[in-house]
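Below, each value reflects all heavy atoms present in this structure, side chains not excepted, and no hydrogens, waters or symmetry copies. Small disclaimer: the values here were computed from a predicted structure and weren't measured.
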Amino acid sequence: MSVGLVIVSHSSKIAEGVVELAGQMADGVTIVAAGGTDEGGIGTSFDKVGAAIEAAETGDGVVVLCDLGSAILTTETALDFLDDTARERVAIADAPIVEGAVAAAVAARTGGDRAAVLAAAASANGDA
Amino acid sequence: MSVGLVIVSHSSKIAEGVVELAGQMADGVTIVAAGGTDEGGIGTSFDKVGAAIEAAETGDGVVVLCDLGSAILTTETALDFLDDTARERVAIADAPIVEGAVAAAVAARTGGDRAAVLAAAASANGDA
Amino acid sequence: MALGREFVADWIARSAQAISEHRSELITLDREIGDGDHGENMDRGFTAVAVKSGDLPADATPADVLKVVATTLISTVGGASGPLYGTAFLKGSQAVADRAELDGAAIVAFLTAARDGIVLRGKAEVGDKTMIDAWTPAVDAAAAAQAEGRSEAEILAAAADAAQSGAESTDPLVARKGRASYLGERAIGHRDPGSVSTTLILRAAADAAAAA
Amino acid sequence: MALGREFVADWIARSAQAISEHRSELITLDREIGDGDHGENMDRGFTAVAVKSGDLPADATPADVLKVVATTLISTVGGASGPLYGTAFLKGSQAVADRAELDGAAIVAFLTAARDGIVLRGKAEVGDKTMIDAWTPAVDAAAAAQAEGRSEAEILAAAADAAQSGAESTDPLVARKGRASYLGERAIGHRDPGSVSTTLILRAAADAAAAA
Ligand SMILES: Nc1ncnc2c1ncn2[C@@H]1O[C@H](COP(=O)(O)OP(=O)(O)O)[C@@H](O)[C@H]1O
Ligand SMILES: Nc1ncnc2c1ncn2[C@@H]1O[C@H](COP(=O)(O)OP(=O)(O)O)[C@@H](O)[C@H]1O
Ligand SMILES: [Mg+2]
Ligand SMILES: [Mg+2]
Ligand SMILES: [Mg+2]
Ligand SMILES: [Mg+2]
């Protein structure tokens with residue numbers, strides 16, 4: 001088991017690519033893409049984000065990586081709709097989506113808890 | 001005319017997604033993807049990067065956004081193979097690839113020169 | 001005359017219509033200082049709202065309908081305005097949860113809670129060049145009109161008028177939230193698209209109340 | 001006995017062979033502290049090098065061949081090691097550009113320029129847990145052997161031995177460059193894959209020189 005990751009991007013390609021890239025360094029970590037609108041356009045989907053958070057929860061909590069501000073708004077709204085116990089197990093990283101996801105994935109793979117994974121993601125800030 | 005952008009990612013999906021996403025806010029800016037290896041795998045391609053830099057040069061210089069360290073190594077090597085005049089017109093942004101590309105694209109669209117585009121990209125550091 | 005479920009249904013229908021009519025205006029505004037999808041986002045959202053809210057049982061309260069508006073906007077808009085308007089309608093519906101009809105006080109409570117929801121979600125202040133620049137004057141004007149004992153229709157008309165001025169007030173601003181913040185000084189001279197859609201929605205409310 | 005173009009050709013062939021034989025070892029090492037592709041990257045690169053360098057005209061100098069190695073690795077490897085080894089062979093080839101044959105001094109000049117190229121490109125120092133931990137001791141050992149008047153084969157054997165020890169010295173280190181740096185303390189106890197491929201390449205050079 002390890003912390004699961006959700007990749008919320010405006011683009012389904014970006015989200016899928018990040019899952020591939022971060023997954024390369026994180027065998028066994030559950031990383032779920034939530035990219036694009038329900039119709040596959042550029043934007044974010046509340047339903048995709050909610051489903052991805054559920055899928056990424058394998059017992060050790062979830063860290064969410066977002067691209068732009070509106071991805072964060074969608075994710076926070078999805079969190080509002082979780083019950084309190086589920087919501088407490090999910091945190092949004094303050095990190096760039098690609099670089100943060102790679103760092104977070106490695107931290108999750110090496111057994112880091114949610115705080116360690118969040119810290120690893122944030123360490124990718126300002127160091128592209 | 002405006003500064004052109006090149007998006008160098010280990011993943012062709014990420015590179016293409018960033019072109020779409022940043023392009024949405026940057027009508028008329030040339031943004032070229034250079035993602036994945038020559039075979040389409042995860043990695044970077046010297047030839048793709050070189051060709052993308054050439055394609056993005058529409059007269060006002062080029063700013064390159066990279067994901068991980070090895071993308072920077074590949075890009076720097078590609079720059080080494082340009083002649084001096086061409087090389088002087090290209091700069092690698094110190095910025096996260098997705099967030100930096102969006103900021104850079106907007107700066108390019110609003111007529112920023114290469115320094116302004118680089119500064120816009122860098123402003124996305126630490127502010128995901 | 002307090003406003004019931006039919007008012008809410010009419011408000012939604014008029015909002016959907018207004019958004020659809022102003023779709024390309026909203027797109028153009030968002031293209032200037034954003035990504036150009038606000039008209040499409042809002043039209044998709046309100047088209048879905050019009051469908052979904054029609055499915056409600058006959059005994060649904062205004063709050064029940066407003067909650068469906070919220071969840072539908074959240075699920076369908078696809079841009080920042082989805083969670084923002086969604087949270088607005090959600091918090092607003094919670095503020096009037098116990099009412100079969102909305103009197104002036106309830107309308108002010110709805111608008112206040114809606115605005116507070118947007119602030120909670122998006123952290124914008126007046127002057128940041130967002131929809132808050134339309135909502136906050138609208139809430140203030142509605143509260144003032146209600147304090148003066150005006151009718152529900154008058155309260156909502158005051159809100160819509162204030163939202164309109166608020167939207168206009170965004171023209172000279174630099175944006176500090178949302179995509180327009182990427183533009184820095186280049187956003188000056190352009191109106192915030194979300195403040196315009198807010199005005200359309202509040203004007204639809206005023207028109208629906210006047211027709212009730 | 002100075003080493004000519006045949007030596008370089010044999011070196012390449014032996015390198016390609018060694019890399020291919022150790023492909024899964026390199027993959028395993030890179031899977032522990034990286035993304036698991038170093039064996040695949042290097043095998044793809046040296047397979048291409050073996051093909052491309054066969055296409056050269058009969059009067060190609062060692063430097064001509066080494067330059068083809070450089071550009072081929074740069075174009076085909078696809079990971080950090082591509083630009084790094086590519087720059088190494090490029091700078092190395094430039095350092096021996098005027099020689100028809102490589103004597104001890106030329107070999108030391110090649111190795112020094114190659115190492116400097118990697119440092120220029122990747123900014124790693126000894127102790128950062130990268131291929132530099134193999135290259136720098138190899139350069140030092142080669143220079144010492146040459147100063148003692150040893151043969152070309154002995155110089156390259158000294159370089160390969162030192163690279164081997166240098167690779168082993170990476171085991172207890174935390175990485176400060178490359179992907180392994182993401183792992184922090186977790187990289188301790190694992191050998192840097194690039195230092196192992198460097199050892200293979202320098203051992204291939206020593207073997208080719210011994211057989212020349
Ligand atoms: N943080 C925020 N707080 C309040 N309103 C915001 C915020 N971010 C964006 N907005 C509003 O959302 C509008 C843009 O909505 P839309 O175009 O649908 O979303 P997106 O920007 O994701 O494409 C803006 O015009 C602005 O009014
Ligand atoms: N900045 C650097 N300086 C020197 N060597 C480096 C640097 N970055 C990575 N390396 C070397 O490259 C090796 C990894 O190569 P490879 O797996 O082919 O590339 P990637 O890490 O892009 O997948 C590492 O084991 C290390 O020896
Ligand atoms: Mg928009
Ligand atoms: Mg949008
Ligand atoms: Mg690797
Ligand atoms: Mg790799």
message = Do A:Gln24 and A:Glu20 pair up side chain to side chain, a donor and an acceptor below 3.5 Å, judged on atom types alone?
response = no

key: No-hydrogen, no-angle side-chain donor-acceptor test under 3.5 Å, C:Thr130 and C:Asp128   =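 No pair is found: no donor N or O on one side chain lies under 3.5 Å from an acceptor on the other.
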
Interatomic spacing from [atom1] in [X] to [atom2] in [Y] - rounded to 0.5 Å:
X	Y	atom1	atom2	value
C:Thr170	C:Ile33	OG1	CD1	7.0 Å
C:Thr87	A:Asp80	OG1	CG	6.5 Å
A:Ser123	A:Leu118	OG	CG	11.0 Å
A:Asp113	A:Ser2	CG	OG	11.5 Å

inquiry  = Taking C:Gly104's backbone N and O only, do any of them form a donor-acceptor pair with C:Glu152's side chain (distance below 3.5 Å, no angle check)?
reply    =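 Looks like yes, one N/O pair under 3.5 Å.
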
query = Would you find a donor on one side and an acceptor on the other, under 3.5 Å apart, between the side chain of A:Arg87 and the backbone of A:Leu82?
reply = yes

Heavy atoms under 4.5 Å from chain A: which residues of [range] carry them?
range	result
residues 108-124 of chain C	C:Arg121, C:Gly122
residues 40-76 of chain C	C:Arg44, C:Thr71, C:Ile74, C:Ser75
residues 5-30 of chain C	none
residues 182-206 of chain C	C:Tyr182

Atom of [X], atom of [Y] and distance for their closest heavy-atom approach:
X	Y	result
A:Val6	A:Ala52	CG2-O, 3.5 Å
C:Ser169	C:Pro172	O-CD, 3.3 Å
A:Ser11	A:Ile42	CB-CD1, 4.1 Å
A:Leu65	A:Ala93	CD1-CB, 3.9 Å
C:Lys129	C:Ala175	CB-CA, 3.7 Å

Quick one: does [X]'s side chain get under 4.5 Å of [Y]'s, heavy atoms only?
X	Y	answer
C:Leu173	C:Asp133	yes
A:Ser9	A:Ile97	yes
A:His10	A:Ser70	yes
C:Gln164	C:Asp161	no

Portion of A:Thr74 that has a non-hydrogen atom of chain C nearer than 4.5 angstrom =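 The answer is both parts of A:Thr74.
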
